[in-house]
Amino acid sequence: MRSGDVAHHEFEYVRHGTQSVIAAFDVATGQVHGIVGDTRTEQDYASFLEALFATAAPSTGWQVICDNLNTHLSESVVRLVARLCGIEDELGEKGKFGVLTSMATREAFLRDPAHRIRIHFTPKHASWLNQIEIWFSILARKLLRRASFTSKQDLRERIERFIAYFNKTLAKPFRWTKTGKPLTA
């Protein structure tokens, strides 16, 4: 390595495994709530949401914005939202009838403006509209890019420390700076 040269990575490395990050960005404060784990199943996502919703009073209204990942439209999330909103109606059976019939019926239920927990989904290929994606870019640039980790545990701990550091020193609402022009003339 010489001064002024671009850093190079060796092509030989030991892969120790991966970790999944499930996170939420509070648009009012800039705080990030996140968990790091081995999987990102529908149960993992529903557990994350339940812990997130528990950070506020049970009557708090929530507006959640997420992309169209299948776990975001899962049976577990529908059942969680129904329980936390006090909905006692029969939800049906996944793939057969009721709210749980299909992803489309589950999405319609989760979008329902009558619920205190309402989930909005970004259009396909437009997850950049979701502010947590901006934060994931910050995580990649400030922590992950060009980094080495000795184990999955090391990776997990460093991500968790980065979330704590971000919340303590960098957290603030994102300010959109691009002024949009109409797409039609």
Side-chain angles (χ1 to χ4, degrees), residues 13 15-85 103 106-107 110-111 115-177:
Y13 66 93
R15 184 173 179 150
H16 300 289
T18 62
Q19 293 289 274
S20 294
V21 180
I22 301 174
F25 182 83
D26 184 331
V27 297
T29 66
Q31 295 284 305
V32 172
H33 305 273
I35 59 167
V36 184
D38 292 325
T39 59
R40 61 164 199 188
T41 65
E42 71 176 78
Q43 291 82 16
D44 294 329
Y45 185 64
S47 295
F48 168 76
L49 286 178
E50 186 165 20
L52 180 66
F53 297 149
T55 64
S59 59
T60 301
W62 289 86
Q63 301 287 325
V64 178
I65 299 170
C66 56
D67 60 19
N68 293 284
L69 186 66
N70 60 346
T71 57
H72 300 161
L73 296 160
S74 67
E75 176 182 5
S76 300
V77 173
V78 169
R79 291 193 182 281
L80 172 68
V81 169
R83 181 171 51 82
L84 294 178
C85 291
M103 287 181 78
R106 293 191 296 270
E107 180 178 347
L110 294 170
R111 286 181 181 268
H115 301 162
R116 91 176 163 83
I117 299 171
R118 186 171 177 199
I119 301 181
H120 306 273
F121 298 93
T122 58
K124 289 189 185 332
H125 310 293
S127 61
W128 57 270
L129 292 169
N130 189 346
Q131 292 192 7
I132 193 63
E133 298 293 343
I134 297 169
W135 183 84
F136 279 133
S137 173
I138 293 168
L139 173 70
R141 284 182 280 120
K142 293 196 177 285
L143 177 70
L144 302 177
R145 189 167 291 146
R146 298 191 180 275
S148 279
F149 304 96
T150 58
S151 65
K152 289 183 355 179
Q153 183 64 28
D154 178 35
L155 173 59
R156 173 182 291 157
E157 289 171 0
R158 286 179 57 190
I159 292 171
E160 289 170 345
R161 282 197 314 263
F162 180 81
I163 292 170
Y165 168 79
F166 181 90
N167 286 338
K168 186 176 181 181
T169 63
L170 301 171
K172 63 182 178 188
F174 291 136
R175 189 170 143 248
W176 295 93
T177 57

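The basis for the numbers below is simple: all heavy atoms, side chains too, and nothing from hydrogens, waters or symmetry mates. Here the structure is a predicted model, which is why all the values come from computation and not from measurement.
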For R156 against G37, the heavy-atom pair lying closest together: NH2-CA, 3.5 Å
Separation between CZ of R161 and CG of L143, rounded to the nearest 0.5 Å: 9.0 Å
Heavy-atom pair of closest approach, residues N130 and C66: ND2-CA, 3.4 Å
N/O donor-acceptor pair under 3.5 Å between R118 side chain and R111 backbone: yes
Distance, nearest 0.5 Å, that separates CG of N68 from NZ of K124: 4.0 Å
Non-hydrogen side-chain atoms of W62 and R116 separated by less than 4.5 Å: yes
Residues E42 and R79 bridged, charged N to O under 4.0 Å: no
Side chains of W135 and L170 in contact at under 4.5 Å (non-hydrogen atoms): no
side-chain contact (heavy atoms from CB on, under 4.5 Å) partner of I35, the single match among I22, I163, I159, L52: I22
Point-to-point distance, once rounded to the nearest 0.5 Å, from OG1 of T39 to CD of Q19: 9.5 Å
pair V21-F136: side-chain heavy atoms closer than 4.5 Å: yes
Worked check of side-chain hydrogen bond (donor to acceptor under 3.5 Å, both in side chains) between S47 and D44: CA-CA 5 Å; S47 295; D44 294 329; 5.9 Å; no
Side chain proximity check, L110 to V78, heavy atoms < 4.5 angstrom: yes
side-chain contact (heavy atoms from CB on, under 4.5 Å) between E133 and T122, intermediate numbers included: CA-CA 11 Å; E133 298 293 343; T122 58; over 6 Å; no
Separation of R106 CZ from E75 CD (nearest 0.5 Å): 7.5 Å
Smallest separation among heavy atoms of P173 and A28, with atom names: CG-O, 3.3 Å
Min side-chain heavy-atom separation L80-I117 under 4.5 Å: no
CZ (F174) with more than 12 external heavy atoms under 6.0 Å: yes
Residue list, salt bridge (charged side-chain N to carboxylate O under 4.0 Å, His left out) with R158, at least two apart or on another chain: D154
Heavy-atom side-chain proximity of F149 to L144 below 4.5 angstrom: yes
Rounded distance (nearest 0.5 Å) linking atom OH of Y45 with atom CD of E50: 13.0 Å
Between CD1 on residue I134 and CG on residue L139, distance to nearest 0.5 Å: 14.0 Å
Flag side-chain contact, heavy atom, 4.5 Å: D38 against K152: yes
Flag for D67-H72: side-chain donor and acceptor within less than 3.5 Å: yes
Closest non-hydrogen atom pair, S74 against T71: OG-O, 3.0 Å
Contact check, side chains of L73 and F121, non-hydrogen atoms, under 4.5 Å: yes
